[in-house]
Amino acid sequence: QVQLVESGGGFVQAWGFLRLSCAASGRVFSTYAIAWFRPAPGKEREFVAAISWSGGTTYYADSVKGRFTIPRENAKKAVYLKMNRLKPEDTAVYYCAAGETIVLYTTRTRYHYWGQGTQVTVSS
């Protein structure tokens, strides 16, 4: 079992910056790929970004590529989502998820452990 807790959400103006944190506890964190998801129209949750267990591979949705990064610190059992140049359409609850996989998937069913989410609101 892996328990995940997100933090760092808040209210920010467009073009602003936020850093979300995903703190893990439980089983060996360093063997899990971590992804961030958010709800989207017509989808329960859409993929935002993912990072491999080693941190050597990352993948981003086109909508956030170039604006968001997803670093991780296994020693601290933490993964972050650094969000730059935020847009109103980035407003959502952001969830981190863990999956025991080498391949970085964009589908939520590949990730078995989820946090409760943190709200991000971007005003225009």
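What you see is a predicted model, and the numbers here were worked out from it, not measured in a lab.
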Interatomic spacing from [atom1] in [X] to [atom2] in [Y] - rounded to 0.5 Å:
| X | Y | atom1 | atom2 | value |
| --- | --- | --- | --- | --- |
| L18 | N84 | CG | CG | 10.0 Å |
| I70 | T58 | CD1 | OG1 | 8.0 Å |
| F11 | T121 | CZ | OG1 | 7.0 Å |

inquiry  = For the backbone of Y80 and the side chain of S21, can you confirm whether one donor and one acceptor N or O come within less than 3.5 Å of each other?
reply    = no
request  = Keeping the roles fixed (side chain from T118, backbone from S7), state whether a donor-acceptor pair exists under 3.5 Å.
outcome  = no
Side-chain contact, heavy-atom cut-off 4.5 Å: [X] with [Y]?
| X | Y | answer |
| --- | --- | --- |
| Y105 | F47 | no |
| V48 | Y60 | no |
| P71 | K82 | yes |
| E100 | T31 | yes |

Do other residues, nucleotides or ligands put more than 12 heavy atoms under 6.0 Å from the [atom1] atom of [X]?
| X | atom1 | answer |
| --- | --- | --- |
| R110 | CZ | no |
| K76 | NZ | no |
| Y59 | OH | no |

Presence of salt bridge, K65 and D62, under 4.0 angstrom = yes
query = Regarding Y95 and Q116, is there a side-chain donor-to-acceptor distance under 3.5 Å anywhere?
reply = no
query = For the ring pair Y111 and F37, is the centre-to-centre distance below 6.0 Å?
reply = yes
